[in-house]
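Below is one structure, written out as structure tokens; comments come after it.
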Protein chains: 2
Amino acid sequence: MTISTKARDGDDDRSASERKDRPAPTLASIADRVGVSVNTVSRALRAPNTVRVELRKRINVAMEELNYVPNRLAGGLSGTRTDIVGVVVTSLYYSEFASIIDTLQSSLLEHDLQVMLANTRYNPDQEMKLVRSILSWRPAAVAIIGIDHPPKVVELLKSSGIPIIEMWDTSGPVIDTAIGFDHQAVGAAQARHLIDRGYRKLAFVGSLRENDRRARKRLFGLETEAVKAGIAPVVTCTEPIGGSPDLGEKLALDLLQTHPGIDAIVCNSDVVAFGVMRGLRKLGKRVPEDIGVMAFGDNEAAACITPPLTTIRPDRERIGRLTADAIVARINGGEPQTTIVDWKLVARQSTQRDTVEPTDAG
Amino acid sequence: MTISTKARDGDDDRSASERKDRPAPTLASIADRVGVSVNTVSRALRAPNTVRVELRKRINVAMEELNYVPNRLAGGLSGTRTDIVGVVVTSLYYSEFASIIDTLQSSLLEHDLQVMLANTRYNPDQEMKLVRSILSWRPAAVAIIGIDHPPKVVELLKSSGIPIIEMWDTSGPVIDTAIGFDHQAVGAAQARHLIDRGYRKLAFVGSLRENDRRARKRLFGLETEAVKAGIAPVVTCTEPIGGSPDLGEKLALDLLQTHPGIDAIVCNSDVVAFGVMRGLRKLGKRVPEDIGVMAFGDNEAAACITPPLTTIRPDRERIGRLTADAIVARINGGEPQTTIVDWKLVARQSTQRDTVEPTDAG
DNA sequence: TTGAAAGCGATACCAG
DNA sequence: CTGGTATCGCTTTCAA
């Protein structure tokens, strides 16, 4: 439904001063109006105590009256650097990185740093395009999800000469500074948890995009640990599309049809697990008695579904905050470093098997 | 855990060309190297067919070799406008707006428009600060959540002279262009749904921040419709903090203690409802038989919890896409307009009462 | 098809 | 404490 609005903005006489096409006021406008030099106005803004109080006041009044907003394009061009921080994520859905961004951006705000956001949607071509685009704004730093980027992206980021903070994953070579954790270790922990609870026939289910390197690392950890424990190989049942409950349900049905013996399912994300559990319910399978289910992410609903979902909780707030800290530190000449942020395996009912079989069962 | 990394970037001989402090290449560097004027290089970039093919090729090669990234600060300063779109949201948590941003940013990308993100966290002072900050980058347009902004913010946005798209809410006066829906109507629909199912003692539960005007509109619609139906006044039980399952559980316990007669709960958001249902379970109340629960948002888990949650599904993707369209249209001289985007009441089991009492019961 | 020169709006350095 | 002036990197006439 579309309603066309008469484009009148006039509630009162102020509307005249809100004309759309008048050029935006500049430092010069203010200077003229107050009768000082551009330069003084600029200083009144950036170093107020170098300007006489009385003058400063008049300048502020003039700025107020004209609704002056500084032009940071000009500022950035002449100054040493901008206050932009480029933030590149691979997804915005399902809380995956939302709270990292939330924490990051509010922490940066305290340092008057502005976030410029880009979302690659796990597409490396788009990553290239977006990184170029962000660099073209001459940001003070770039924070980016992951450590596995196309070589050209790495080259571009390196040659930019600004601090690059890679978030979320630390398992591998890093450009500059990284803050995250080892996803392979997560996969191994998932396997161990299930094996300890007596599960023996593991499956990995969910969204697995070509370029979701982290998911592949977790899967690798899972498989490696399973081999180490001498149990059956991990069955994988995935689709290269975004995770969702519907996908989880579909894959659960597929999986149980082809591999009825499965007794534990590791989901790539909580939202997939939600659907998997719904699917299992439809099949008459009990969780956790017949089949254990665990996942990765600790979605806000994980503790509220039935049964509550065992999952991995990465400390997203911490990653966001530490990334902001690292950016500020690096800008001020600090050294690059890699920081591992702890995650937790939150054991809930979905893997709470009453009967623990002996470990030599498989 | 912190691991300090030796800051050597050298995997190979390329590292020399990746020195950090060499000034970034400019159009002039390219021009020099190719032996043409700055301006030719500029044209090769923006209007390739005005440059001889052979020359264009050599220019492209030079750009590749130097890893040239245009400086858009300079471009924006001299050109007519930038390719930045400012996006101001009130929250990034819990999928509330994530998929709007996701869709918006990928739609904008098709038009080579770059998102600059700001998150006010429902804080009007921060909103002011962030809007100023965004405007200082001379964006081509601004998209912002909501239509209720502090007067100063409205003034600033109006006087900026650029297209302003207000998203999510359309119930009230608008600055320029709006895309969203009527939240009061949502509240009314929630009331009607519950009343039709035979519920009579309604409560409104959840996060209710001072500046979440949309939530207040929904509550108002709920109350108004309840009055119209002649049933008991709506009991409200809220906290001025962000919504979460834990908050929902706590409020549910509070509510039932003070108002044991309540037979239906409307939650301000799905995540709160998740907690409310957990709380009710602890109290031994059955949903939907003893108490109906519905919410707003259609979180990805809403259909997966037990019982599946009746809720309102706003069409976030559509809002995101239409906002991008509107931005492009307005930039190209289109007229401002207000567009209502439909939402759906998704009836699930959490309000599925078997026994429907006669409507004159209350 | 190409080049020279004048801004864009701030900052920074150096005088006064 | 205040005011010139060069400068940042690019776009945009206007000539050649």
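Just so it is clear: chains get the letters A, B, ... in the order the sequence lines come, proteins before strands, and each one is counted from 1.
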Quiz item: With distance as the sole test, does Ser42(B) use its side chain to make a donor-acceptor pair with the main-chain N or O of Val38(B) at under 3.5 Å?
Solution: no

Self-check item: Whole-Å distance separating the CG atom of Leu27(B) from the P atom of dT12(D)
Solution: 13 Å

Quiz item: For the pair made of CG in Asn71(A) and C1' in dG7(C), what is the distance, rounded to whole Å?
Solution: 14 Å

Quiz prompt | For Tyr68(A), ring pair (Phe, Tyr, Trp, His ring centres under 6.0 Å) partners two or more places apart | solution = none

Quiz prompt | Interface with DNA chain D, restricted to residues 48-59 of chain A and to heavy atoms under 4.0 Å | solution = Asn49(A), Thr50(A), Val51(A), Arg52(A), Leu55(A)

Taking N or O atoms only and anything under 3.5 Å, show me the protein contacts with nucleotides 12-16 of chain C, one pair per line.
residue : atom : partner  : partner atom : Å
dA12(C) : OP2  : Arg46(A) : NH1          : 3.3
dA12(C) : N6   : Asn39(A) : ND2          : 2.8

Quiz prompt | Asp169(B)/Arg213(B) ion pair, N-O < 4.0 Å | solution = no

Quiz prompt | Counterpart residues, side chain to side chain donor-acceptor pair (under 3.5 Å), relative to Arg52(B) (two or more places apart) | solution = Glu54(B)

Quiz item: What pairs of residues pass the salt bridge (charged side-chain N to carboxylate O under 4.0 Å, His left out) test when at least one of them lies in residues 124-136 of chain B, not counting sequence neighbours?
Solution: Asp112(A)-Lys129(B)

Practice problem: Give the rounded distance in Å between these two atoms: CG of Leu45(B) and C1' of dG9(D). | Solution: 13 Å

Practice problem: Could you work out which one of dG9(D), dA10(C), dG3(D) sits closest to the side chain of Ala74(B)? | Solution: dG9(D)

Quiz item: Would a distance-only check, ignoring hydrogens and angles, find a side-chain to backbone donor-acceptor pair under 3.5 Å from Thr90(B) to Arg121(B)?
Solution: no

Quiz item: Quick one: Leu77(A) CG to dG9(C) P, roughly how many Å, whole number?
Solution: 12 Å

Quiz item: At under 4.0 Å, does any side-chain N or O of Ser37(A) touch on OP1 or OP2 of dT2(D)?
Solution: no

Quiz item: Can you check the Arg138(B) CZ to dG9(C) P distance for me, whole Å?
Solution: 8 Å

Practice problem: Applying side-chain contact (heavy atoms from CB on, under 4.5 Å), run through Leu104(B) and Met167(B) and close with a yes or a no. | Solution: CA-CA 11 Å; Leu104(B) 176 56; Met167(B) 302 177 289; 4.2 Å; yes

Quiz prompt | Asp176(B) vs Arg330(B), salt bridge (Lys or Arg N to Asp or Glu O under 4.0 Å): CA-CA, chis, key distance, verdict | solution = CA-CA 10 Å; Asp176(B) 170 346; Arg330(B) 289 283 289 121; 2.9 Å; yes

Quiz item: Mind checking what makes salt bridge (charged side-chain N to carboxylate O under 4.0 Å, His left out) contact with Glu317(A), not counting sequence neighbours?
Solution: none

Quiz item: Rounded to whole angstrom units, what separation is found between the CZ atom of Arg72(A) and the P atom of dG9(D)?
Solution: 20 Å

